[in-house]
There are 2 protein chains.
Amino acid sequence: MDSSPRTRPPATLASLAAELGISRTTVSNAYNRPDQLSPQLRMRVMEAARRLGYPGPDPVARSLRTRKAGAVGLLLTDQVSYAFRDPAAVAFLEGLTLECDRARVGLLLVPARPDAEDVAAVSRAAVDGFIVYSMPDDDPHLEAALARPVPAVICDQPGLSGADLVGIDDAGAMRQVADHLIGLGHRRIGVVCMRLGRAVMDGAVTLARQHAARYHVQRNRLAGLEAAFTEAGVAWDRVPVVERFEHSVAAGASATAEVLSMDPGITAVIATSDVYALGAVEELTRRHQRVPEDVSVTGFDGVKAALDAGITTVAQPVVDKGRQAGRLLLEPGRRAQGRELVLPTTFMPGRTTAPPRL
Amino acid sequence: MDSSPRTRPPATLASLAAELGISRTTVSNAYNRPDQLSPQLRMRVMEAARRLGYPGPDPVARSLRTRKAGAVGLLLTDQVSYAFRDPAAVAFLEGLTLECDRARVGLLLVPARPDAEDVAAVSRAAVDGFIVYSMPDDDPHLEAALARPVPAVICDQPGLSGADLVGIDDAGAMRQVADHLIGLGHRRIGVVCMRLGRAVMDGAVTLARQHAARYHVQRNRLAGLEAAFTEAGVAWDRVPVVERFEHSVAAGASATAEVLSMDPGITAVIATSDVYALGAVEELTRRHQRVPEDVSVTGFDGVKAALDAGITTVAQPVVDKGRQAGRLLLEPGRRAQGRELVLPTTFMPGRTTAPPRL
DNA sequence: TTGTATGCGTTATCAA
DNA sequence: TTGATAACGCATACAA
């Protein structure tokens, strides 16, 4: 009367084998190699399993033995939940999971706060590889991932190590935006960019900070702008550049307000993301400035909301970026660490840019 | 000259201890209980680790020993990648990851195709619990998850077992939509709903199929409509109900077209999701039917795009649903399997409903 | 502060 | 077709 499953220790492969008077191998085979077993014995095993409440081989023990976790880890810039508010990150995830689905491996979203030095979650993640999405190059989480004896693919960052890389030509793409504006006649501009370092920092950005930015993507986009405008005779160190830590429409709006307060005479706001560009339009509209008649606005990424809004932007293949990252990591034959994949971008002139007002 | 790390078997806790002439416990402590160790010994350990290329305790082995995976699994209706195309699912994920971040556990997106009977990924997932999001009640993946000896929280489905539940009153919420339309005078309507079973099936839905739907949410929403309209004197079995397997704006549009072909005289299209409602508006506009002057349209969910478009809908707390699910699973003190959480919804009259044209 | 002994639950290898 | 044996790499109770 004490055979109730709750008082008994949980059944294991071994206890099941003992119960049936067969070897553990046979039980294991019943689950993993059904053809190595007579059907009737297999039936007996499965039936005993149900009777004893044996839930099947323990995944962790199996992983230990097979040295395969069956999952890849994803490291994000920020708290995982932030990613779901960022349309570009969502698109990246879509592409990445496309490949994970195909390869039948799970995707582990690793919890990592940008501020915390607590890297334990990265060290303890049971994964066969890492995808690192848009992290600053001095992030301890990145370091911890690279220290693990598993392959890694880094997105939107330079190659710090033997990891594979996926990215775009940020400087070149941003240059197209700059040349477009320069061609229209804009010389007095303002820039809204995303965080340049791990510490929370909102406000005007010095030249030194621009050049020392740890977020490769932002640094390169700014560099593209600087090169183009400098060539066009604009004194880059006079151009107001405002940084926001948060990546949201509201942050883009407030940064735009700050840019305008630094130079009310600008004829164009260049945002390093579409989300910010949408915020810029919002802020300008609130101030009864017409876009593009009074002020032009540009974005970056090519997310749906921005394209719908007609924002002049650079479309990057966000979904494909995720796919390629996943493919690089999961492709069976590959052992070529150190590959670098530069995806193409497309400049998309929209309805938010026009010649400056006189 | 053969001490190169690649020819030597990978370092382990044991080999490191042997190298240093200390016990494994001490090495383990160096990583997990730094205070149990003299700082200088710890330094020695860490230094030797670096020298030998020891990457720190193996996560899987540790998990096996501690009986903790440090992650929860998420099971979705469909391929993981689909979730990132569905705004409601993305919002749910945002809420869920909020709680995961807080509890510092990872979220494992378990690969599962709805068609495949291949449930191995669920059985092999190294997780401490499952969140099941919007699955039909006959899905083998669901069964596999419930068979695992870990807690589970089910969203948007009835309690089949000892799992916790999070959901809304789908029937009641849909009834509000129906009563709103009935109050406006609508009697001749058409319905666009999501998949009702696991098999791909597009087209008109019989009454029997409505009642036998394995997707609890859809079944209840349809039931709410049936009850309200039947009470209002409408013969429900004459109401065109069209099902789509895909959940996309395009599918909503095509389903709307099919509804209109079944009864060109309808004055309102009721969609069971906002995504479909957006498709309905699209299709009607294409046909030069004005919304709501010619035809009214309603949605469900309250996603941003729909609210922005002024769709009359029911807002459900999508983000909070994810949070609550996570909380139920992760809350430390809880061992109360069988809890049921019904979240509130808000009817949101918009600009897509009006009295029917005469 | 450090070490010893044991077990976590499985699968690979090889032999029967 | 089945079984015996030996890892897989670690953490923890307990002893020293």
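Letters A, B, ... are given to chains in the order of the sequence lines, protein chains preceding strands, and every chain is numbered from 1.
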Any luck finding a side-chain donor-acceptor pair between B:T25 and B:S28 under 3.5 Å?
->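 Not at all, the side chains of B:T25 and B:S28 share no donor-acceptor pair under 3.5 Å.
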
Just checking, any donor-acceptor pair under 3.5 angstrom between side chains of B:N29 and B:R42?
->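 Per modelled atom types, B:N29 and B:R42 side chains form no pair under 3.5 Å.
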
Please list all pairs passing the ring-ring contact (aromatic ring centres under 6.0 Å, His included) test where one or both residues lie in residues 31-66 of chain B, with sequence neighbours left out.
->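 Only B:Y31-B:Y54 qualify under ring-ring contact (aromatic ring centres under 6.0 Å, His included).
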
Quickly, which of A:D320, A:I154, A:L328 forms a side-chain contact (heavy atoms from CB on, under 4.5 Å) with A:V166? Name it, please.
->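 Exactly one option meets the side-chain contact (heavy atoms from CB on, under 4.5 Å) with A:V166, and it is A:L328.
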
Along nucleotides 6-15 of chain D, 5' to 3', which nucleotides get a B, which get an S, and which get a -, given that the test is a protein heavy-atom distance under 4.0 Å?
-> BBBBBBB---

List the atom of B:A30, the atom of B:M46, and the distance in Å for their closest heavy-atom pair.
->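 Scanning both residues, the minimum pair turns out to be O-CE, 3.5 Å.
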
Between B:E99 and B:R102, does at least one N-O distance fall below 4.0 Å, as a salt bridge requires?
->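 Yes.
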
Apply side chain to side chain contact (heavy atoms under 4.5 Å, CB included) to the pair B:R323 and B:L96, showing each step before the final yes or no.
-> CA-CA 5 Å; B:R323 285 201 80 133; B:L96 177 54; over 6 Å; no

Identify the 5'-most and 3'-most nucleotides of DNA chain C with at least one atom closer than 4.0 Å to a non-hydrogen atom of chain A.
->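 Nucleotide range in contact with chain A: C:dG9 to C:dA12.
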
